[in-house]
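Since we're looking at a predicted model, the values are computed, not measured. In what follows, residues are counted from 1 in the order of the sequence shown.
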Amino acid sequence: MIGWSSLERIKMSWASIVLAIALLALSAMPTRGEVGSAVILMYHRFGAAATPSTNIRLDQFDAHLQALATGGYRVLPVPDIVARLKRGEGLPDFTIGITIDDAHVSVYREAWPRLRRAGFPFTLFVATDPVDAGHANTMNWDEIRELSRSGVTIGNHGAAHRHMLTLPKAKNVVNIQRASRRIEEETGTNPTLFAYPYGEFDRDLRDRIKGKGFEAAFGQHSGVVHFQSDFFGLPRFALNEQFADADRFSLITRTLPLPVAEITPTDPLLAINPPLFGFTVAKQLANLSEIACYASAGGEVVTERLGARRIEVRFSEPFPTGRARVNCTLRDAGGRWRWFGTQFVVP
């Protein structure tokens, strides 16, 4: 006959086993709150070889999805990423958000079936005028409603998909409002995320977007979103045929933020070309003297460290008219890259 003390020992043994199993399960789960940042990816077209600058081949896209599924990443809805970062909450390391611009018909035919099978959420930024006009290469409202009902986030990409900095300010407001109204009429949801057409914005347009009640707005410059980001000028890593190989995908999806403040000039629309570009690294990082900056035209540029954390960047030539991007990187002590990018607009 088993005595009371023996029963207690058995109970304690089972309790230890249960506790050990629970701890083992917890250790296998992704650790939350490891970083306050995420990488947002940007796509446009899929398998549309006629437009290689905005297209990604299907074999490339399949490789990306395979890497995301097996590489220790967490693909989360973009609105959730934004909300958690704005609240100052942590995210699992290697958090990824997926965005697609323009509602090209290949999104419905090629990208969505693949993303649905993988179980990956994404945000689709819709320019509504091409949809209303029935453009052959654009999704229709039935297809967009189907995506929306399935849980895809529908964002505002303006109505006319124009270079907004070339338009009167009042026309931009109408453009933005018309797109929000049409999306709500067709899907029943009011978009809370905005993507600037071509990634182009100035300080005034940024403030207008913020004043319209959006939660965040995205450009087309490279970088990592984090809790200290400007939430109305958020970066995304663009992927197309030229910049979609496995090495680059692994590099960008594992980047960390290079948090900066006191950026000059304060307006992305340049009044002086080339700009007197500079920033202050927002926290003390090792090896700041190793920060390297690269311009989209001209390659690596001269950087100078002033004091403990101020970086000044000087360009030898003016930027050409249009969009100009600058990327600054620093290798972290753990071997990963920290990345800060910005985009200027040259009138």
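Within the structure, side chain to side chain donor-acceptor pair (under 3.5 Å) pairs that include any residue of residues 236-249 comprise N55-E241, T99-R236, D101-R236 (at least two apart or interchain). Counting only residues at least two apart or in different chains, salt bridge (Lys or Arg N to Asp or Glu O under 4.0 Å) contacts with residues 261-283 are absent. For residues 240-347, the set of pairs meeting the disulfide bond (SG atoms under 2.5 Å apart) definition, not counting sequence neighbours, comprises C293-C328. Residue pairs meeting the side chain to side chain donor-acceptor pair (under 3.5 Å) criterion with at least one member in residues 117-129, sequence neighbours excluded: D129-R178. Applying the salt bridge (Lys or Arg N to Asp or Glu O under 4.0 Å) test to residues at least two apart or on different chains, the pairs with a partner in residues 309-331 are E200-R323, R310-E312, E312-R314.
Aromatic rings from H104 and F46 are positioned such that their centres are separated by 6.0 Å or more. In this structure, the ring of Y196 has its center less than 6.0 angstrom from the ring center of F194.
Side chain of N287 to backbone of E290: no donor-acceptor contact under 3.5 angstrom is found. Side-chain N or O atoms of H221 include none that pairs as donor or acceptor with a backbone N or O of A324 at under 3.5 Å. The backbone N or O of A246 sits nowhere less than 3.5 Å from a side-chain atom of S250 that would complete a donor-acceptor pair. A donor-acceptor pair under 3.5 Å is absent between the side-chain atoms of S148 and the main chain of I144, judged by distance alone. For the pair N172 (side chain) and M164 (backbone), a donor-acceptor distance under 3.5 Å is present.
In this structure, K86 forms no cation-pi arrangement with F227, as its terminal cationic atom is not both closer than 6.0 Å to the ring centre and no more than 45° off the ring axis.
If you check the side chains of Y73 and T253, you find a donor sitting under 3.5 Å from an acceptor. Side-chain N/O atoms of T54 and R45 include a donor and acceptor closer than 3.5 Å.
Cluster partners of V260 are L258, I263, L270, F277, F279, V281, L285, L288, I291, V301, I311, V313, F315, F319, V326, L330, F340, F344, V346, counting Ile, Leu, Val, Met, Phe, Trp and Tyr whose side-chain heavy atoms approach within less than 4.5 Å, directly or via other members.
In the displayed structure, I272 atom CD1 is contacted under 6.0 Å by at most 12 heavy atoms of other residues, nucleotides or ligands.
Between F125 and F218, the two ring planes are tilted [angle within 30° to 60°].
When each of P259, P257, S229 is tested with S37 by the rule side chain to side chain contact (heavy atoms under 4.5 Å, CB included), just one qualifies, namely P257.
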**Study point:** salt bridge (Lys or Arg N to Asp or Glu O under 4.0 Å) assessment of R336 paired with D93
**Key:** CA-CA 12 Å; R336 294 163 67 181; D93 203 1; 2.9 Å; yes
